[in-house]
Amino acid sequence: MTVAVTAAGGKLGRLVVEALLDAGERPVAIVRDPQKVADLAARGADVRQASYDDPAALDAALVGVDRVLLISGNEFGRRIAQHTNVIRAAERAGVELLAYTSIPRADSNPMVLAAEHRGTEEALATASVPTVLLRNSWYWENYGGAVAHAAQTGVLHGAMGAGRVSGAARADYAEAAARVLTTAGHEGRIYELGGDEALTGEDLAAAVGENVRYENLAQDDYAAALRAAGLDDQVAAALSDADARIGEGFLEVNTGDLTKLLGRPAVAASAVFAGIS
C-alpha cells in the first residue's frame, strides 16, 4: 500500500510524513519545492513535485498511490478550487481512500476559517472515491506568539470569554492521520478531533506559567492587538473571529476520537507551551 501526503513541506504535512516513516512506511511526499524536504527524501520518502493549482502535476504525483491525505491549503479564498483539483486527481488515480484535514463541525461552524472547509467537504461528499474527514481542532502551537509574549509580560490576551478550546499538539494530529492512512475501517467516517483538555482562557494562562493571567478583550479590540503585534488585517480578523467562536463552543470537542486513534493520552498544553516560552 502506498500512501501520499500533500503539502508535505508544511508544518503538519512534514510531521505526518515523519510519523509514516517512523511506522516503517515509504510515503509519497507531495510538495511544491522538493528542496524543502530533502531530509525526508534522505529518510526514504518518495518526493514528488506538484501544486494544488496544477492538475497535470497532481495526476503524475498520484500515480500508483492507494491512499491520500489532503492537507488544507493556506491560500485563503482559493482553497475550495485547489482542494477540488486534488479530489479530481484522486478520482482519476482511483485511490482507495482520500482523507482531508478539516475543522470541527465544519457543516455548521460559523468561523470565518470554516467556510472553505465546508465547501471542500461538500466537494468530498460527491467524490467517487471513499473519503474520511479529520476535523482537527486548534493546534496548541497556534498560541506560540501569544505564549512567548505572555511569558514575558504576565498577560495572555484573547476574546474567548468563558469558552473552552480542545486543542492538541500538531504532532498528535499528525500521528492520528498516519494511523488512519495505514489502518482499515475509516471509509466514510467523520472524526471530530481534539485533545483531552478543554481549556478556558484562564486555563491557558495557567498552562503558560503560574504568574500569567488571562485578560479577555472584545473581538475588535483583540483584532487590533493582533494587528499591533504585526499580523496583517486578514489574519488578525480571522484569528479574532476564531477566538470569539471559541467563546461560543465551536472548538470544544469531547468525542475522544483523537485519543482513540492515538491509543494514548494527547500531549498537554503545558508541555507544548513549555517548549515555546
Side-chain angles (χ1 to χ4, degrees), residues 1 3 5-7 10-13 15-20 22-23 25 27 67-72 83 95-111 113-114 116-118 120-125 127 129-143 160 163-200 203-204 207 242 245-246 248-272:
M1 180 178 66
V3 175
V5 179
T6 70
K11 293 177 181 178
L12 178 62
L15 288 171
V16 177
V17 172
E18 290 176 349
L20 290 166
D22 291 343
E25 303 290 333
R67 297 185 173 193
V68 180
L69 175 64
L70 166 55
I71 292 179
S72 56
H83 297 166
V95 304
E96 67 181 46
L97 186 68
L98 174 58
Y100 173 65
T101 59
S102 190
I103 196 169
R105 288 178 275 174
D107 49 343
S108 60
N109 193 323
M111 282 185 181
L113 294 173
E116 289 177 298
H117 289 298
R118 184 160 49 253
T120 301
E121 288 195 9
E122 291 169 355
L124 286 164
V129 296
T131 64
V132 55
L133 301 179
L134 306 177
R135 289 176 167 175
N136 295 346
S137 187
W138 226 224
Y139 303 141
W140 290 138
E141 290 87 349
N142 288 351
Y143 290 106
M160 59 191 288
R164 294 178 179 271
V165 56
S166 303
R170 186 178 281 111
D172 280 351
Y173 291 119
E175 185 178 331
R179 295 283 178 88
V180 168
L181 292 168
T182 55
T183 56
H186 305 289
E187 297 86 349
R189 296 288 301 274
I190 299 176
Y191 292 107
E192 301 280 356
L193 301 173
D196 304 320
E197 306 168 294
L199 303 185
T200 64
D203 295 331
L204 290 169
R245 302 293 83 76
I246 287 172
E248 297 169 2
F250 284 98
L251 287 186
E252 184 173 357
V253 177
N254 56 15
T255 62
D257 285 349
L258 181 60
T259 297
K260 293 171 190 174
L261 288 172
L262 293 174
R264 60 166 175 80
V267 174
S270 57
V272 177

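Along the sequence shown, residues carry numbers from 1.
Residues Y191 and D257 come closest through the heavy atom pair CA-OD2, 3.5 Å. What you find for P130 and V95 is that their closest heavy atoms are CD-O, 4.1 Å. Residues Y173 and G194 share a closest heavy-atom pair of OH-CA, 3.9 Å. Minimum interatomic distance between S72 and T101 (heavy atoms only, all atoms of both residues): N-OG1, 3.1 Å. Contact detail for A266 and L258: the closest heavy-atom pair is CB-CD2, 4.2 Å. Taking all atoms of both residues into account, the shortest heavy-atom contact from M1 to T182 is CE-CA, 3.7 Å.
The main-chain N or O of L98 is never found under 3.5 Å from a side-chain atom of T131 such that the two would form a donor-acceptor pair. At least one donor-acceptor pair under 3.5 Å links the side chain of S137 to the backbone N or O of S166. Side-chain atoms of D172 come within 3.5 Å of backbone atoms of V267 as a donor-acceptor pair (strictly under, hydrogens ignored). In this structure, R67 contributes its side chain and L181 its backbone to a donor-acceptor pair below 3.5 Å. D203 places a side-chain N or O within 3.5 Å of a backbone atom of T200 that can act as its donor or acceptor partner. No donor-acceptor pair closer than 3.5 Å links the side chain of T120 to the backbone N or O of H83.
For the salt bridge (charged side-chain N to carboxylate O under 4.0 Å, His left out) condition, the pairs that include at least one residue of residues 99-111, sequence neighbours left out, are D107-R135.
The salt bridge (Lys or Arg N to Asp or Glu O under 4.0 Å) check on E197 picks up nothing, with sequence neighbours excluded. In this structure E187 satisfies the salt bridge (Lys or Arg N to Asp or Glu O under 4.0 Å) test with no other residue, sequence neighbours excluded.
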Give the intermediate values and the outcome of side chain to side chain contact (heavy atoms under 4.5 Å, CB included) for residues L69 and V3. CA-CA 8 Å; L69 175 64; V3 175; 5.9 Å; no
Let's go through V129 and V68 carefully: what are the C-alpha distance in whole Å and the side-chain angles of both, what is the deciding distance for side chain to side chain contact (heavy atoms under 4.5 Å, CB included) to 0.1 Å, and is it a yes or a no? CA-CA 11 Å; V129 296; V68 180; over 6 Å; no
Could you walk me through whether V165 and W140 pass the side chain to side chain contact (heavy atoms under 4.5 Å, CB included) check? CA-CA 10 Å; V165 56; W140 290 138; 4.0 Å; yes
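How far CD of E116 is from CG of L113: 9.0 Å, rounded to the nearest 0.5 Å. The distance from atom CD1 of I246 to atom CG of L251, rounded to the nearest 0.5 Å, is 4.5 Å. Here the CG atom belonging to L193 is positioned 9.5 Å from the OG1 atom belonging to T259, to the nearest 0.5 angstrom.
Classification of E121 and R118 as a salt-bridged pair fails, no side-chain N sitting under 4.0 Å from a carboxylate O. Using a 4.0 Å cut-off between charged nitrogen and carboxylate oxygen, R179 and E175 count as a salt-bridge pair.
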